**Q** 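Encoded as structure tokens, here's the structure I'll be asking about.
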Amino acid sequence: MELDFQSIDKHWQLYWAENQSNKVLDDTNKPKYYVLDMFPYPSGAGLHVGHPLGYIASDIYARYMRLKGFNVLHPMGYDSFGLPAEQYAIQTGQHPALTTAKNISRYREQLDRLGFSYDWDRQVKTSSPDYYRWTQWIFKQFFNAFFNTALNKAQPISELISEFSIKGNQGSNAYSDNQLIFSAKEWNEFTPNEQEKMLLNYRLAFLSETWVNWCPKLGTVLANDEIINGLSVRGGYPVEQKKMMQWSMRIKAYAERLLSGLDNLDWTDAIKDQQRNWIGKSVGATVFFAIEEHSDLKLEVFTTRPDTLFGVTFMVLAPEHPFLEQIVPVEFKGAVKAYQVEVSKRTERDRQADVQHISGVFTGAYAIHPFTKKKLPIWTGDYVLSSYGTGAVMSVPCGDQRDYAFAKHFNLPISNVFKGVNIDQEAFAEKTGVISNSEFLDGLEINKAIEVACQRLVAENIGFRKVNFRLRDAIFSRQRYWGEPFPVYYENEIPKLVADEHLPIELPVVDAYLPTESGEPPLARSKKEDWNHFQGDRMEYNTMPGWAGSSWYFLRYLDPNNKEEFVGKDKVAYWQNVDLYIGGNEHATGHLLYARFWTKFLFDMGFIPFDEPFKKLINQGMILGRSSLIYRIKGENTFVTLSKMSAFETDPIHVDINLVSADKLHLSAFKNWLPEYADADFILEDDGSFICGYEVEKMSKSKFNVQTPDDLIEKFGADTLRMYEMFLGPVEQSKPWDTKGITGVHGFLKKLSRLFLSKDAAWGVVDDAPSKEMLKILHKTIRRIQDDLDRFSFNTVVSTLMIAVNELTDQKCNHKQILQPLLVLLSPYAPHLAEELWRVMGLPDGTCALQAFPIFDESILQESTYDYPISFNGKMRFKHTFDLSINEKEIADFIVELPLTQKYLEGKTPKKVIVVKGKIVNIVS
RNA sequence: GCGGAUGUGGUGAAAUUGGUAGACACGCCAGACUUAGGAUCUGGUGCCGAGAGGUAUGCGGGUUCGAGUCCCUCCAUCCGCACCA
């Protein structure tokens, strides 16, 4: 009797749906466990074989924990705002909501075919008004809060307002970039607009001028990714740096907590390091430099090396530094302006990638050294970034390689402050040694010198100790259509919040999804009567970024239909944070940091009882695609087969992998593929075939290398695909997709089901007592699977099951006492087949998924003897069995006398015999 | 330039704390059963060698009775990046 995997899949998927088998109740009597996948963006290409890798692992773990008696929350949803749907809308005029809905139903269909145990009643979609209503609401909470540095937490802005009206902002603990000091009297005399503007310096969601990559031709802001060599990827238009009023989130206020919070998380060190680097804490000092002929200005710099203050020979400002407006003498203005224009054409990423190219101009202005009072020329150079520190550096060529290179390039002076160090070839960047040539720092060891320099800076009121972070406040507005509208309108250019009862602010109808003629975002196309109906002058036309919705979605699953709150207090008290989170590495610093930030904020405001979202994190590796490439002769429509391409100048072109089998291109299918290839010519191999090249790279629609799971499920069934994806290797590891081995896993499932078949082809499982041997196989398997799953080693479980089935087959085992628990062990990996076999065996107690994980019995595996490997100088030669009760000395004495031992000793006397009980014997000669 | 990761058979990989390297599969070879098979079953398979044996976890060194595992130097590949003052 052969199994029909397809109908088994369908039968059980239907059964689960009809019986609501995956519905999760808030059953507080059971311990909870929350297993979460990073929710996908539903792209038009559908789910590819890489997506399920993490989903399968999490589903296995969720099923395992259910068997272990936990109430497991395992939900799924969609991160459904995003650029591709908007791009498609621009091209076709179709509303992104329609495209998105279509893609979601395709995803759902594909997910369902894999037999995941998601509770779909809890689904969330970030683009659904029921959901983004609460994203807007959370934004309002950020707007209405500030960060109290004394309490190290966020607080309502109302408390700050009353503080200002009583004592002004002198000595305030509120986190802010604001420098302006005002008294209570001044505050109270501010107009309401002035007060509002001042408060924007404190709110955790705030408006400020920010540099952006602006493409005038597209009328839009672009991400670094969308720019190559200063030109937009789309259209190839020039891009420039421009200042723009943007919403931001004051994530910098949380830098210290985001950093220290990592210590208690069960994440890999690799990913923690990435976040630590991103946050980038550095300890040093702020130093103020006077500027010649501008006594009103103080140039503020941050340095991690105040000990090298006497090595400063010049200053460098970022080309965007505001002082350049004021301090550049007339005769230098032209050159500086020209340089600023030149730099504005480069993105920050370009500026950083290009280390070789040194550029800058002298501004004509001078700073005064705070101690020596020497004149220091002020330059501007693009290696100094406006977004880090103060956008200005004191250049110490002897101690910093970039300063050194800059000094050499422009022939600026270099003075050495390190005792006995040669700096003829390069700067000395190490933090060890002794300072010289530095007045009061002479002779001090570097760490001591840093200390002394800081004390002196403070004493002379020239500077102070400072902790700096490279983390920047997160820009929170996008000039796009397909995102959450802000619950904000403007009155006299002051932003005002829309009242809660008007939420959600739904996306308005627009006639096109492009920016307006005047370069305003698409939402500005809305009609006032449709959308802009609040008392202000206009609505906010920006939308929120993709990460807004994904920063809190894990909370909504706990209580997805709550109309009163974003999550009910009782629900969040029971379910708490995510116990296991599985997703791709690419979110290491984006999503994972923002979600942590929002969680900490919501905790501070008393909405949730924990301040980290994800306790345990597993980063699944990327499954890479194997793309096929064909080579077209430059300027012609002729393609050359792989072995002959070297004779020509060619361009590689990605070709749909469905037109290729075993690297051979199907020529007629290729000609029909796209109109431009209809009359292509080919230079073939001598045997008449056309061979393609290949490349292993990320799967993407544009590379035509996407492998969907559908065909494989069609052919082998969902269980085979689930097991095969796990069998490929550790989940964390990246690997190219290859279906070569799938038959092995498929064969295993068949072999396993044969255990349940009796000779006369009926389902025949016997009640007879199993042999000792069979029990041993079972319990060995239980132990290994439990151990492996507990350390998330999903791949080795598959081989453990294979070994068990191989051994049980050898034993001709058809004993219920063995096979029943075996099915439970199998069920997290192959739920459809496990249920089917459970049913045909006529086993009681409902379904396999409702059973308890088999209990491991140590006593069954207890052995009285052990087969010791006997090694000579570390090399294993033979084995000898001893009773485990025999002690080390007895074993050693016995082994030495064996004839085999004498043979390997070749007449030598052993120097030492090492016996590790229950492990190994090693004879040293 | 900085940061992170990874290097084990023809291939995917295994080897919890240092203790029998290559489990389990794919592939390949031989055989059985078949009209046939991309079905099923049996045996073999790191490399060199007829064999005894030798040799092997990117290269080179070190620690150890014993190293894929720990330490140092180097090499290669992949990923991320915001030249981080």
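Since the model is a prediction, treat every value here as computed from it, not as a measurement. Convention: sequence-line order gives letters A, B, ...; per-chain numbering from 1. All values below were derived from every heavy atom in this structure, side-chain atoms included, with hydrogens, water molecules and symmetry-related copies excluded.
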**Q** Stem finding on RNA chain B, please: runs of three or more consecutive Watson-Crick or G-U wobble pairs, both distances under 3.5 Å, sorted by first number.
**A**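 Looking at RNA chain B, the stems formed by three or more consecutive pairs are B:1-7 with B:75-81, B:10-12 with B:24-26, B:27-32 with B:40-45, B:46-48 with B:53-55, B:60-62 with B:70-72.
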
**Q** Inspect the contact between A:Glu807 and A:Lys776 and indicate whether a charged nitrogen and a carboxylate oxygen are less than 4.0 angstrom apart.
**A**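 So A:Lys776 does not pair with A:Glu807 through a salt bridge.
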
**Q** Of the listed nucleotides (B:rU20, B:rG4, B:rC24), which one gets closest to any side-chain atom of A:Asp273?
**A**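 Output: B:rG4.
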
**Q** Please pick, from B:rG54, B:rA85, B:rU16, the nucleotide with the shortest atom-to-atom distance to any side-chain atom of A:Asp787.
**A**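 Given the options B:rG54, B:rA85, B:rU16, the side chain of A:Asp787 is closest to B:rU16.
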
**Q** Across the strands shown, which category fits A:Lys715 at heavy-atom distances under 4.0 angstrom: base, sugar-phosphate, nothing?
**A**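 Base contact - A:Lys715 has a heavy atom under 4.0 Å of at least one base atom.
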
**Q** Identify which nucleotide among B:rA85, B:rG3, B:rC41 has an atom closest to any side-chain atom of A:Arg754, counting heavy atoms from C-beta outward.
**A**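 Looking only at side-chain atoms, A:Arg754 lies closest to B:rC41.
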
**Q** If you only use heavy atoms from C-beta on, which nucleotide in B:rA13, B:rC41, B:rU20 is closest to the side chain of A:Lys879?
**A**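 Of B:rA13, B:rC41, B:rU20, B:rU20 is nearest to the side chain of A:Lys879.
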
**Q** Does NZ belonging to A:Lys298 count more than 12 external heavy atoms closer than 6.0 Å?
**A**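 Not more than 12 within 6.0 Å, no.
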
**Q** In terms of side-chain heavy atoms of A:Lys740, which of B:rG19, B:rU11, B:rA14 is nearest?
**A**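 Given the options B:rG19, B:rU11, B:rA14, the side chain of A:Lys740 is closest to B:rU11.
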
**Q** Report the nucleotide, chosen from B:rC65, B:rA85, B:rA25, that has the shortest atom-to-atom distance to any side-chain atom of A:Val924.
**A**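 The closest nucleotide is B:rC65.
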
**Q** Of A:Thr308, A:Thr303, A:Asp307, which meets side chain to side chain donor-acceptor pair (under 3.5 Å) against A:Arg305?
**A**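 Exactly one candidate clears the test, A:Asp307.
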
**Q** Please pick, from B:rU40, B:rA85, B:rA13, the nucleotide with the shortest atom-to-atom distance to any side-chain atom of A:Val393.
**A**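 Within the option list, the nearest is B:rA85.
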
**Q** So which nucleotide from B:rU20, B:rU16, B:rA25 ends up closest to the side chain of A:Met876?
**A**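 Ranking B:rU20, B:rU16, B:rA25 by closest atom to the A:Met876 side chain puts B:rU20 first.
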
**Q** Choosing from B:rA25, B:rC81, B:rA85, which nucleotide comes nearest the side chain of A:Thr303?
**A**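 Among B:rA25, B:rC81, B:rA85, the one nearest the side chain of A:Thr303 is B:rA85.
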
**Q** With ring centroids as reference points, do A:Phe794 and A:Phe727 lie under 6.0 angstrom apart?
**A**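 Ring centres of A:Phe727 and A:Phe794 not closer than 6.0 Å.
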
**Q** Identify, between A:Met394 and A:Asn873, the residue whose nearest nucleotide on RNA chain B lies closer to the 5' end.
**A**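 Looking at the nearest nucleotide for each, A:Asn873 comes out on the 5' side.
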
**Q** Of A:Asp382 and A:Leu728, whose nearest nucleotide on RNA chain B comes first from the 5' end?
**A**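 Nearer the 5' end of the strand: A:Leu728.
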
**Q** Please tell me whether A:Phe406 and A:Tyr383 form a close aromatic pair, meaning their ring centres lie under 6.0 Å apart.
**A**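 Ring centroids of A:Phe406 and A:Tyr383 are less than 6.0 Å from each other.
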
**Q** A:Arg402 has a side chain; which of B:rG38, B:rC84, B:rG53 sits nearest to it?
**A**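 Selected nucleotide: B:rC84.
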
**Q** Base, sugar-phosphate, or nothing for A:Phe792, non-hydrogen atoms under 4.0 angstrom?
**A**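 If one applies the 4.0 Å heavy-atom cut-off, A:Phe792 turns out to touch nothing in the nucleic acid.
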
**Q** Hey, would you say the A:Phe792 and A:Tyr61 ring centroids sit under 6.0 Å apart?
**A**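 Ring centroids of A:Phe792 and A:Tyr61 are less than 6.0 Å from each other.
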
